[in-house]
J.: 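Have a look at the structure that comes next, please.
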Amino acid sequence: MSVRVRFAPSPTGNVHIGNIRAAIFNWLFARHNRGRFLLRVEDTDRERSTPEAIRTLLDCMEWLGLDYDEPPVYQSANSIRHLEVAEELLGRGLAYRENKGGGGECVVFRMPTEGRLGFVDLVKGAMRKRAGDTQDFVIVRSNGTPVFHLANVVDDIDMGITHVIRGDDHVENTFKHIELFKALNAPVPHFAHLPMIVNNQGKPYSKRDGAAFVGEFREQGYLPDTIFNFLLLLGWAPGDDREVLTRDEMIEFFALERCKSSAARFDVKKLLWMNGEYIRNKPREEYAREFLARVTAAGLSTEGVDLEGIMEQMQVRTRFYSDIPDNCAYFFTDDYAFDQKAVSKRLLKEGIPELLEKIAGEYQQLDPFTVESTHALLEEMARRQESGMGALVHPVRVAVSGSAEGPGLFEMLVLIGRERVCARLQQVAQRVRNGGFETASAAQD
RNA sequence: GCGCCUAUCGUCUAUCGGUUAGGACCCAAGGUUUUCAUCCUUGUAAGCGGAGUUCGACUCUCCGUAGGCGCGCCA
């Protein structure tokens, strides 16, 4: 029988990482087994299940590449069917009506009281429990609406689900659900329960611990590949030392048997590293697409610059695409920001204006203006004035880029271009002399 | 309280009775007297405690301990 799995979230407007991880594992399991991955929107809570919430859910799935093989099933559309099943159960004496506390009659499903309940969880192994430890439970509310357990099981039956892969918090429900499957003479699917994602204190990871929703990571600039890969590694490992995997590798090696059954901590440091890893390893064309989009969106003109050269320098230094405009605006505009700390440390010193002007003068004459020649010139200068290279390199860097960080200085100079470099050196020299940087910092304080 | 589950470096993990317990993140040092980043090299760091089974247990069993989950007319 071919594999059919489903992701069954209730749309609330946010998609929690623990939740989407269940989707990822389901998706991988389906793809690995050449089965079908289905989406069922459990939208029976009409208050929270707004069209926007559903849209958000669908967006997240698309962003992560979690494509489903059949049109989404909306649980709210099946209420009548759920109720019919409840009637059937009632008729066969497997459920009964009860009136607890005056709210009218609800329908309660009868759990066995004798013997043992149990199932083999594909990740946790044998699960056992005495019958009687699990109480009868409500399947239809006194207001006539079906309860989760009923709806969930009936829909799984109707959708032909063969494997239920979900969060650890559903383990106890499984004992109930299995009895429901049996009562309805339906084949009992296999179950697999995924460990929880926890925070530094070992508590369930929530909004309080930082970004907890897929949308938040997306906004912060994380790549879908990063999130997908990272979440997969929380509770699963291929068995060898690989960690950064392609989607195809994940599909090929995924196995529920390799899932851990203990909770995993969410380590943002590693996530950050992984994002940089993915960006660095992107083909240049793809990086270029993102780079260009961000730069132009920031209102920067790329006219007349060596884009390819700049990107070569920047790709290895990019942790988030969203950082790009701030990190390299100075390549595109003369109106770049100055890092106050760098300015104080490197420019607000005795003799700096003179030094910058001198270098500007020399660079103006230099022919050709290359990485080698600009480098050699400063080396020569350093030798003559018997100072270290640092005394020249740092002020120049801060003057032309406003920052203490960035590509190698001489690569940077060539990319900015001789004219701009010289003009900037002159301008900054003037501004330092006029106290322009000091007032700027004073104004900020 | 009752039930179920879990337990390897700080973190994510490998190991499926015999290993110098491996890798990755983080941190530290070096390559690197122009920064940042990358890259490379090296280093620090682990089997929760106690019994038992066994020639031999991280691995199997039991008892503790700690943590998680569940015990809704929520999903």
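Every chain is numbered from 1 and lettered A, B, ... according to where its sequence line falls, protein lines coming before strand lines. Hydrogens, waters and symmetry mates play no part in the numbers below; they use all other heavy atoms, side chains included.
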J.: Across the strands shown, which category fits A:Asn173 at heavy-atom distances under 4.0 angstrom: base, sugar-phosphate, nothing?
T.: base
J.: Is the NZ or CZ atom of A:Arg431 both under 6.0 Å from the centre of the six-membered ring of A:Phe338 and within 45° of that ring's axis?
T.: yes
J.: Under the side chain to side chain donor-acceptor pair (under 3.5 Å) criterion, do A:Asp209 and A:Asn200 qualify, and how do the steps go?
T.: CA-CA 8 Å; A:Asp209 302 306; A:Asn200 289 329; over 6 Å; no
J.: For nucleotides 32-34 of chain B, tabulate all protein N/O to nucleotide N/O atom pairs closer than 3.5 Å, reporting atom names and distance.
T.:
| unit_1 | atom_1 | unit_2 | atom_2 | d |
| --- | --- | --- | --- | --- |
| B:U34 | O2 | A:Arg397 | NH2 | 3.1 |

J.: Is any side-chain N of the basic residue among A:Asp267 and A:Lys269 closer than 4.0 Å to the acidic one's carboxylate O?
T.: no
J.: Where the side chain of A:Thr333 meets the backbone of A:Ala329, is there a donor-acceptor pair that is under 3.5 Å apart?
T.: no
J.: With a 3.5 angstrom cut-off on both distances, give the Watson-Crick or G-U wobble partner of B:C2, or none if there isn't one.
T.: B:G70
J.: Should the ring pair A:Phe217 and A:Phe266 be called parallel, tilted or perpendicular, given that the plane angle runs from 0 to 90° and is split at 30 and 60?
T.: tilted
J.: Residues two or more places apart in sequence or in another chain: which of them pass side chain to side chain contact (heavy atoms under 4.5 Å, CB included) with A:Ala186?
T.: A:Ile157, A:Phe181
J.: Pick base, sugar-phosphate or nothing for A:Arg128, based on heavy-atom distances below 4.0 Å to the nucleic acid.
T.: sugar-phosphate
J.: Please determine, by modelled atom types, if A:Ser49 and A:Tyr74 share a side-chain donor-acceptor pair under 3.5 angstrom.
T.: no
J.: Report which part of the nucleic acid A:Arg258 touches: base, sugar-phosphate, or nothing (heavy-atom distance under 4.0 Å, all strands).
T.: sugar-phosphate
J.: Let me see the working for A:His163 and A:Asn26 under side chain to side chain donor-acceptor pair (under 3.5 Å), right down to the final yes or no.
T.: CA-CA 9 Å; A:His163 297 72; A:Asn26 271 287; over 6 Å; no
J.: Rounding to the closest angstrom, what is the interatomic distance between B:G43 and B:A21 at atom P?
T.: 15 Å
J.: In whole angstrom, what separates A:Asn275's CG from B:U38's C1'?
T.: 16 Å
J.: Rounded to whole Å, how long is the line connecting atom CG of A:Asp267 with atom P of B:C25?
T.: 11 Å
J.: Considering only the P atoms, how many Å lie between B:U34 and B:G30, rounded to the nearest integer?
T.: 16 Å
J.: Could you list the residues that satisfy side chain to side chain contact (heavy atoms under 4.5 Å, CB included) with A:Glu243, not counting sequence neighbours?
T.: A:Leu233, A:Lys270
J.: Would A:Arg284 and A:Glu286 pass as an ion pair if we require N to O under 4.0 Å?
T.: no
J.: If we take the P atom in both B:G70 and B:A14, what is their distance in whole Å?
T.: 25 Å
J.: Give, ordered by number, those residues of residues 131-154 of chain A having at least one heavy-atom distance below 4.0 Å to an atom of RNA chain B; if nothing qualifies, reply none.
T.: A:Asp133, A:Val138, A:Arg141, A:Ser142, A:Val147, A:Phe148, A:His149
J.: What is the distance, to the nearest angstrom, from the CH2 atom on A:Trp236 to the C1' atom on B:G23?
T.: 14 Å
J.: Roughly how many Å apart are B:A45 and B:C12, using the C1' atom of each and rounding to a whole number?
T.: 15 Å
J.: Output all residues satisfying salt bridge (charged side-chain N to carboxylate O under 4.0 Å, His left out) with A:Arg166, sequence neighbours left out; order by chain, then residue number.
T.: none
J.: Identify, between A:Ser261 and A:Ala237, the residue whose nearest nucleotide on RNA chain B lies closer to the 5' end.
T.: A:Ser261
J.: For RNA chain B, which residues in residues 4-22 of chain A have a heavy atom at a distance below 4.0 Å?
T.: A:Ser10
J.: Rounded off to whole Å, could you give me the CZ-to-P distance for the A:Arg346 and B:U35 pair?
T.: 9 Å
J.: Quantified in whole Å, what is the P atom distance between nucleotide B:G18 and nucleotide B:A24?
T.: 24 Å
J.: Choosing from B:C73, B:A75, B:C12, which nucleotide comes nearest the side chain of A:Arg265?
T.: B:C12
J.: Rounded to whole angstrom, note down the P distance from B:C48 over to B:A7.
T.: 9 Å
J.: Mind checking the P distance from B:C63 to B:C4? Whole angstroms is fine.
T.: 11 Å
J.: For atom C1', what is the distance between B:G22 and B:G47, given to the nearest Å?
T.: 14 Å
J.: side-chain contact (heavy atoms from CB on, under 4.5 Å) with A:Phe228: which of A:Leu28, A:Leu245, A:Leu223?
T.: A:Leu28
J.: For residues 378-418 of chain A, pull every pair meeting ring-ring contact (aromatic ring centres under 6.0 Å, His included), keeping only residues two or more places apart or in separate chains.
T.: A:His375-A:Phe410
J.: Which salt bridge (charged side-chain N to carboxylate O under 4.0 Å, His left out) pairs, counting each pair once, include a residue from residues 224-239 of chain A, with sequence neighbours left out?
T.: A:Asp225-A:Arg247, A:Asp225-A:Lys282
J.: Residues in side chain to side chain contact (heavy atoms under 4.5 Å, CB included) with A:Ser403, at least two apart?
T.: A:Ser401, A:Glu405
J.: Looking at A:Phe148, A:Phe191, A:Phe137, which hits ring pair (Phe, Tyr, Trp, His ring centres under 6.0 Å) with A:His177?
T.: A:Phe148
J.: Quick one, which residues of residues 242-253 of chain A touch RNA chain B with a heavy atom under 4.0 Å?
T.: A:Glu243
J.: Pull out every protein N or O sitting under 3.5 Å from an N or O of nucleotides 61-69 of chain B, one pair per line with the distance.
T.:
| unit_1 | atom_1 | unit_2 | atom_2 | d |
| --- | --- | --- | --- | --- |
| B:G68 | OP1 | A:Lys203 | NZ | 2.2 |

J.: Does A:Glu249 reach the main-chain N or O of A:Thr246 with its side chain, forming a donor-acceptor pair under 3.5 Å?
T.: yes
J.: Between B:G10 atom P and A:Lys269 atom NZ, what is the distance in whole Å?
T.: 15 Å
J.: Do the side chain of A:Ser10 and the main chain of A:Glu42 share a donor and acceptor less than 3.5 angstrom apart?
T.: no
J.: Across all strands, who's sitting opposite B:A28 as a Watson-Crick or G-U wobble pair, both distances under 3.5 Å?
T.: B:U42
J.: Is it true that a side-chain atom of A:Glu411 and a backbone atom of A:Pro407 form a donor plus acceptor pair closer than 3.5 Å?
T.: no
J.: May I ask you to list the residues of residues 306-327 of chain A, by number, that have any heavy atom positioned under 4.0 Å from an atom of RNA chain B?
T.: A:Val316, A:Arg317
J.: Using whole Å, report how far CG of A:Asn229 lies from C1' of B:U13.
T.: 13 Å
J.: Calculate the interatomic distance between A:Glu405 atom CD and B:U38 atom P; express it in whole Å.
T.: 12 Å
J.: Tell me: CG of A:Leu378 to P of B:U35, nearest whole Å?
T.: 14 Å
J.: Within 45 degrees of the axis of the six-membered ring of A:Phe25 and under 6.0 Å from its centre: does A:Arg21 put its NZ or CZ there?
T.: yes
